[in-house]
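First the structure, in the form of structure tokens, and then the observations on it.
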2 protein chains.
Amino acid sequence: MADESTLPRGVRALWHGPETGRRGPKPTTSVQEIAEHAIALADAEGLEAASLAAVASRLGLTTMSLYRYVDSRDDLRAVMVDVAMGPLTLTRRSWRRRLEEWAHADFAQLMAHPWILDVHDPEPPVGPNMLAWTDAGMGVLLDAGLDPQTASSSLLAVDGLARHSAQIVRQYSVSGADAAWANRLREVVDADRLPALHAVLTAGALEDEDGLETDLDVGLGLLLDGIAARLER
Amino acid sequence: MADESTLPRGVRALWHGPETGRRGPKPTTSVQEIAEHAIALADAEGLEAASLAAVASRLGLTTMSLYRYVDSRDDLRAVMVDVAMGPLTLTRRSWRRRLEEWAHADFAQLMAHPWILDVHDPEPPVGPNMLAWTDAGMGVLLDAGLDPQTASSSLLAVDGLARHSAQIVRQYSVSGADAAWANRLREVVDADRLPALHAVLTAGALEDEDGLETDLDVGLGLLLDGIAARLER
DNA sequence: GGTCATTGTGTAGGTCATAAACAGAATGTA
DNA sequence: TACATTCTGTTTATGACCTACACAATGACC
């Protein structure tokens, strides 16, 4: 068989759909279905809960049968991320509005599926949805008039901001809820050794729930202003 | 014994140093030493290689003995991150220069120890070095005249940018080196379905090594401009 | 009707984190 | 000095995880 594809089995299936006209028994499930169950597990109990064994058991299959659909755990995770991010549609407004939409949609997906932040493929994602997101973001910035290199760097900054904001919100909501983290900090932060941090803490900047949710918008505002300035140059 | 600390054993040891005047046998090693060996393993072969068993074996100890120094694997990882980030010293120049220093130092540490990006504590870091970094960054922005809330959001944006840039550089250098990733993309990116991405790819924006290294500076420029504009307001 | 690629399964091995119980060492106290 | 206490490192054991391999059943194609 002439298999020159360098894509792992799972991700390849996301692009090409179920292969047709094959011999042997019909598959009883699909990469999409596997991904959905894995996502449900990860949403409920974190990425570690979406083990091959757990996913297979949810589907009424054995662990090993999943390897007929996915090359490895990493492949499964790449598939999960691509499916969880889903498709993206932007309106047709100004570049600034569209980039805000892009960032907010990114952030929203990360908040809906926080375990995405725990998936660290050593290679860049190549699933259809992930590339569609990249394409959409690049499209906005190229339309705005940026050169490809700057557009790429700028989109990277926006994505980095969205991801890091989601990460921080998650950390503070997990640990802020029962105030364990606040106690830890008080155990250790002292006004002499860490004056600036102490000042920010007493100002309550980190404990304000709404404050956390606007981190993204503040940072986004800074970035968009910077991009606008570069466009006028 | 009155142990009211909420900090895990390993991180607490980073703050207080080795406890003195204790009974029982002298410890044969220390949290710092453990961290150094774990870091060496992670630097060489990735975070997964720094398992408790591997670290213990490097020290000539059994796996279980590490639990005398560290509460859990997560605790060990928090310690590793804090030690690997190390201390930070900033010069005394303008806020803009100092924030650039902060971001470049952050980025440099992440490039030296890329596995830091793979560590996802569910709670925010509370080690001495991590908090010193935060304090230093906050200090720059507060000195510049930002209010605590905006300072916090801005530092978060800078950190997010540095981390995401490091992540991207790592992904592209791992996969770009043998061009496997480029082949995967060509297998799938088509000028009709993903026009903007196709344009950026043919412009070579993603393959240029120097381009990757300046992503941080481009994004940083955008953010600093945005902060400067906010200060003049 | 036979060939054979493909599917799900059973087995088995290796790694990992971590709990529990124990023997020895160093300190403090009587 | 003798004993009690407390901390050390170890041994042993458990359960979860990923995955390589061999096998039997399936069904499309020649």
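Below, chain A is the first sequence line, B the second, and so on; all start at residue 1. What you see is a predicted model, and the numbers here were worked out from it, not measured in a lab.
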(request) Please state how far atom CD in A/Glu19 lies from atom C1' in C/dA5, giving the value in whole angstrom units. (result) 12 Å
(request) Classify the angle between the aromatic ring planes of B/His120 and A/His120 as parallel (below 30°), tilted (30 to 60°) or perpendicular (above 60°). (result) parallel
(message) Whether B/Lys26 contacts D/dG9 is assessed here as follows: a side-chain N or O lying under 4.0 Å from the phosphate OP1 or OP2. Is that the case?
(response) no
(request) Find the distance A/Leu66:CG to C/dT7:P and express it as a whole number of Å. (result) 13 Å
(request) Indicate whether OP1 or OP2 belonging to C/dT7 is found under 4.0 Å from a side-chain N or O atom of A/Ser65. (result) no
(request) Give a yes or no on whether a donor-acceptor pair under 3.5 Å exists between the nucleobase atoms of D/dT5, that is its base, and the side chain of B/Arg23. (result) yes
(request) Output every pair passing salt bridge (charged side-chain N to carboxylate O under 4.0 Å, His left out) with a member in residues 188-197 of chain A, not counting sequence neighbours, ordered by first then second residue. (result) A/Asp190-A/Arg193
(message) Nearest 0.5 Å, please: how far is CG in A/Leu155 from OG1 in A/Thr134?
(response) 6.5 Å
(message) If you compare all heavy atoms of B/Ala136 against all heavy atoms of B/Leu88, which two are closest, and at what distance to 0.1 Å?
(response) CB-CD2, 3.9 Å
(request) Assign a letter to each nucleotide of nucleotides 17-24 of chain C from its 5' end: B, base within under 4.0 Å of a protein heavy atom; S, sugar-phosphate only; -, no contact. (result) SBBB---B
(message) Checking A/Asp74 now: which residues fulfil salt bridge (Lys or Arg N to Asp or Glu O under 4.0 Å) with it, not counting sequence neighbours?
(response) none
(request) Please state how far atom CZ in A/Arg9 lies from atom C1' in C/dA5, giving the value in whole angstrom units. (result) 12 Å
Tell me which donor-acceptor pairs under 3.5 Å the side chains of residues 44-66 of chain B have, and how far apart each pair is, sequence neighbours excluded?
from    : atom 1 : to      : atom 2 : distance (Å)
B/Ser51 : OG     : B/Ala54 : N      : 3.1
B/Arg58 : NE     : B/His37 : ND1    : 3.1
B/Ser65 : OG     : B/Thr62 : O      : 2.7

(message) Given 3.5 Å as the limit, does a donor-acceptor pair link the side chain of A/Ser152 with the main chain of A/Pro148, or not?
(response) no
(request) Sorted by first residue and then second, give each side-chain hydrogen bond (donor to acceptor under 3.5 Å, both in side chains) pair with at least one member in residues 109-119 of chain A; sequence neighbours left out. (result) A/Asp43-A/His113, A/Asp43-A/Trp115, A/Asp118-A/Arg170
(request) Could you check which residues of residues 28-46 of chain A get a heavy atom under 4.0 Å from DNA chain D? Sort them by number, please. (result) none
(message) Under 4.0 Å from OP1 or OP2 of C/dG8: is there any side-chain N or O of A/Thr62 that close?
(response) no
